[in-house]
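To find a chain, count down the sequence lines: A is the first, B the second, and so on, and within it residues start at 1.
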There are 2 protein chains.
Amino acid sequence: MTVTLKEVAELAGVSRSAVSRTFTDGASVSDKTRRKVEKAATKLGYTPNILARGLTTRRTKLIGLVSNNFHNPIFLEVFDQFTRKLQGVGLRPLLVNLSDETDPEASVRMLRQYSVDGVVVASSTLPPGFSKAFKDAGVPVVNSFGRYSTAPEFHVVGIDNVECGRMAALEFAKRGYKHVAFLGGPDTATSTQDRFKGFSGEISQNPDMEMTVSYAKAYSFEAGREEMQRLLNIRPLAEAYFCGDDVLSIGVLSAIEDAGLNVPGDIGIIGLNDMEMAGWQNINLTTIRQPVQQIINSSVELIVSMLEDPARYPEARLFPCEVIERGTLRPVS
Amino acid sequence: MTVTLKEVAELAGVSRSAVSRTFTDGASVSDKTRRKVEKAATKLGYTPNILARGLTTRRTKLIGLVSNNFHNPIFLEVFDQFTRKLQGVGLRPLLVNLSDETDPEASVRMLRQYSVDGVVVASSTLPPGFSKAFKDAGVPVVNSFGRYSTAPEFHVVGIDNVECGRMAALEFAKRGYKHVAFLGGPDTATSTQDRFKGFSGEISQNPDMEMTVSYAKAYSFEAGREEMQRLLNIRPLAEAYFCGDDVLSIGVLSAIEDAGLNVPGDIGIIGLNDMEMAGWQNINLTTIRQPVQQIINSSVELIVSMLEDPARYPEARLFPCEVIERGTLRPVS
DNA sequence: TTCCATTTTGCAACCGGTTGCAAAATGGAA
DNA sequence: TTCCATTTTGCAACCGGTTGCAAAATGGAA
C-alpha cells in the first residue's frame, strides 16, 4: 500500500542510505544519485514517513496546541492564526481540548506519548502550574495569553493585564466618569486579578472617583448579561463599566438594552480584546485591543527557537495594548 | 531523558516482549510478570511511545481534522465538539487549516506522512474532489457538513440542504409573505446551490409568491451586510429574506437596522445553523437549526468504524433540521 | 600515469516499539 | 510422581526510517 524507502532504493538501484540522504537537508549525495532517487521516488509516489524518521531524529514537527477556551469567539481567531503560523514553519498542531479533563498530568503524559516537539498553552484562564508541568517534563513550552512574571519559569507571551486595567481607568477619567465599575471575568483567572489590580490602583489615585466591583462567572455572553441584570437592580448605577472581555461586554450591552437604557448616553462600556465582532456595526464596542497576531507570531517564533535550544532561558514577552474607540463610551469632553 | 521499554524490562527483570505485552490489550502475560512490569513502569514513569508502536501496528490514533472555515463562529462549536468526541474515543486531532493552501494533494501528502488513521473534512464549502483525494489515497475519510449524494463516493454526514431551502420557503408561505428573497452564501458552495434548489422549487409551487435571488461573497457578517446594503437601494424590497447562514444574517440585520427599518415589522429574516449567537437576546434570530452535535457524533462514530473496516461501504447520513422560532419573522397569521 | 585529499557510498547498528514461533513453565488428571 | 494440554515467555525479525564509520570513488596536481 504505502511505499517505503526500500522500494525506492531498489528501483533506483542505490542503497537505502542514499534514498534517506536525498530526503534530508544537507546530507551528502552526488547529483547523479540524487537524480536517480528523485526519479524513482516520484514514479512510486514516495514520501518519507515523518513519524518513523522522528524515531531517530527526535523531531516529529508536532506541536501540542492546548486550550480550554472553546467558547470564546476570540479563540477562533487564535486557532486560525496559530494553525497558519505553525504550518508556515512546517510544524503541525495537535489540538488538545482541555474543557473536559483538568488533570495537567494526563495531558503531559499524552503529549509525550506522541513525542511532540513542543507545546503551546493558549489560555488566559489555566493555572500557571499547567505550563510548568510541561517544563518539568522537559517539553519546550510557551504559554500564550498567560500571566506575565518578572521571573518566569517558562516562556510567556501576552499582554500586561495590570497595565490594561490602568488604561481602562485612565480612559474613564479622561471622559469625566466619576462612579465607575470593574465588571471582571471569573475572579479565579489571573487575567481578571491583574486587570483589577491596575484598574483599582489607578482609580484610587483619583480622589474624586469611586469604584464598585463585581465578577461574572465566565468570559461569556450569558455570564456578562446575567451579572449586569443583577447590577441593574442595585442603585446607584455606575456610569461606566470596564468589562472582562468583549464577549462579556456584549452580554452586558444586551442587558442594558433590555432595561431600556442607552449606551453610551446612560452607561458607558469598555471591553477588552477587540475581537472581530467588536467591530461589527451593530455592536460597535469601544475596547482595549489585545494584539493577538503579534502574540501568536511571537509565540511561534519562540517555540521554533526552543526546538534549536530547548534550554533557552525563559522569557516573558509583553505586547502593548491600545484603546480602540468606537461607540460605547461618551466622548472626551 | 525519556524512558523506554528496555529500561523497564531491565528493572523488572523480564524480556522486552513482556513489557510490551503488559501494555497491549489482550496480550498474553501472567499476573505475576504484569505486576512486576507495572511496578517498574510506574517507578520509572514509563509510558509507551505511540508513534513507535504505530510503526508496526499501523495505528497512530491520529485523525486529520481538515477545515477551511476559520472565520465562522459556528466552527468554534464544531472544533470544540470534534476535539472532545475524538478525545473521548482515544483519538487525537491533527488540525489542518486550509485557508492558505488550496491544493488538496499537498494536504493528502502531508497527512499520509503522519500516517493518520483517518481524516475528517469539516466544511460545507470545499469541493467534493477534496475528500475524494483522501479516499483515492486509501485514507479513511468522512466529510462532515458536506453535500449529500445518493451515490456517495465517501462517507458524508450532514443535512439535506435542499430540504432546508424548502423549509424556509414553507415558513415564509405559512406567514403570508408574498415577495420573498433568497440571499445565499457564495454561489460556488454546494450548500448554497442546494438550498437555492429547494427554496426556489417550493416557491414556484406557489403561484401568488414571487422571489428574487442574490448571493453574498462569503458566509460572513461583512458579506451579508454589504449585500443587504446593495439590496436596500433597489425597489421594491422583498418582504422576507432567507439568508445563507446565521452570521450572514447578522450582517443583514445590521444593514437593515442602519437603514432605519424594523425587523420583523418591515422585513423578515430567517437564517441557518442556529449557532450560539443566534440565541443571544440582542440578536434573537429565527433560524433553521443544523444539528451540529448529532452530525459530529455520527462523523466520529463513522470514522471509528472505518478504522476497523477501512473498506466500509460509503454512506450518506442526513439529519433533519428544524425551524427555531425567535424574533425575526412575523407571527403566523 | 601516480598520488593523495576530498567526496560519495553502503553496511550495519540503531530509534522504540510489536509479534510469530518455538521452547519453557505451569497445573491438573491419572 | 508422570504425563500432557495449556499458558507464558523470550528470541529474533520486523515496522520505516537515520547515521557513524570505513571503504570506494572521484578529481586535480604533479
Next on the checklist: Checking contacts here: which listed nucleotide (D:dT9, D:dG17, C:dG16) is nearest the side-chain heavy atoms of B:S28?
Outcome noted: D:dT9
Checklist entry - Just how far, in rounded Å, is P of D:dT8 from CZ of B:R34? => result 10 Å
Item to check | Phosphate OP1/OP2 of D:dG17: any A:Y46 side-chain N/O under 4.0 Å | outcome: yes
Item to check | Watson-Crick or G-U counterpart of C:dT26, or none if no pair lies under 3.5 Å | outcome: D:dA5
Checklist entry - Relative to each other, are the rings of A:F79 and A:F70 parallel, tilted or perpendicular (30° and 60° limits)? => result tilted
Checklist outcome for this item: The residue, A:A52 or B:D31, whose nearest nucleotide of DNA chain D is more 5′ is B:D31
Item to check | Between P of D:dT18 and CG of A:D25, the distance in whole Å | outcome: 11 Å
Checklist outcome for this item: Here the distance between atom C1' of D:dG17 and atom NZ of A:K61, to the nearest Å, is 16 Å
Checklist entry - Should B:S30 be listed as having a side-chain N or O under 4.0 Å from OP1 or OP2 of D:dT7? => result no
Checklist entry - How would you label the contact of A:T4 with the nucleic acid (heavy atoms, under 4.0 Å): base, sugar-phosphate, or nothing? => result sugar-phosphate
Next on the checklist: Checking A:N97 against A:N68 for the side-chain hydrogen bond (donor to acceptor under 3.5 Å, both in side chains) test, could you report, in this order, the C-alpha distance in whole Å, the side-chain angles of both residues, the deciding distance, and whether it holds?
Outcome noted: CA-CA 6 Å; A:N97 185 339; A:N68 62 345; over 6 Å; no
Item to check | Protein-nucleotide distance (A:K6, atom NZ; D:dA13, atom P), rounded to Å | outcome: 15 Å
Next on the checklist: Can you give me the closest heavy-atom contact between B:R53 and B:T24, atom names plus distance?
Outcome noted: NH2-CG2, 4.3 Å
Checklist outcome for this item: Side-chain atoms of B:L55 come closest, of D:dC15, D:dT18, D:dT9, to D:dC15
Checklist entry - Do the side-chain N or O atoms of B:T24 get closer than 4.0 angstrom to the phosphate oxygens (OP1, OP2) of C:dT19? => result no
Checklist entry - A:L5 has an atom CG; how far is it from atom P of D:dG16, in whole Å? => result 10 Å
Checklist outcome for this item: Per atom distances to the B:S17 side chain, the nearest of C:dT9, C:dG16, D:dA12 is D:dA12
Checklist entry - Partner of D:dC11 by Watson-Crick or G-U wobble geometry, both contacts under 3.5 Å, or none? => result C:dG20
Checklist entry - Shortest non-hydrogen contact from A:R34 to A:R21? => result NH2-O, 4.2 Å
Checklist entry - Does B:R58 put a side-chain nitrogen or oxygen below 4.0 Å from OP1 or OP2 of D:dG16? => result yes
Next on the checklist: Should the side chain of A:S15 and the base of C:dC11 be counted as holding a donor-acceptor pair, with the cut-off at 3.5 Å?
Outcome noted: no
Checklist entry - Which atoms form the tightest heavy-atom contact between A:L76 and B:H71, and what is the distance? => result CD2-C, 3.9 Å
Checklist entry - Reckon A:V19 touches a base, only the sugar-phosphate, or nothing at all at heavy-atom distances under 4.0 Å? => result nothing
Checklist outcome for this item: Separation between CZ (A:R84) and CD (A:Q81), nearest 0.5 Å, reads 6.5 Å
Item to check | Value in whole Å for how far the P atom of C:dG16 lies from CG of B:N49 | outcome: 8 Å
Next on the checklist: Less than 4.0 angstrom between a side-chain N/O of B:T56 and OP1 or OP2 of C:dT18, yes or no?
Outcome noted: no
Item to check | Proximity to the side chain of A:A18 - top-ranked nucleotide from C:dG10, D:dT19, D:dC11 | outcome: C:dG10
Checklist entry - What is the distance, rounded to the nearest whole Å, between atom CD of A:E10 and atom C1' of D:dG17? => result 15 Å
Next on the checklist: Considering every strand and a 4.0 Å limit on heavy-atom distances, what is the contact class for B:R21: base, sugar-phosphate, or nothing?
Outcome noted: base
Checklist outcome for this item: B:L51 atom CG is separated from D:dG17 atom C1', nearest whole Å, by 13 Å
Item to check | Base of C:dG17 paired with side chain of B:R16 (donor-acceptor, under 3.5 Å) | outcome: yes
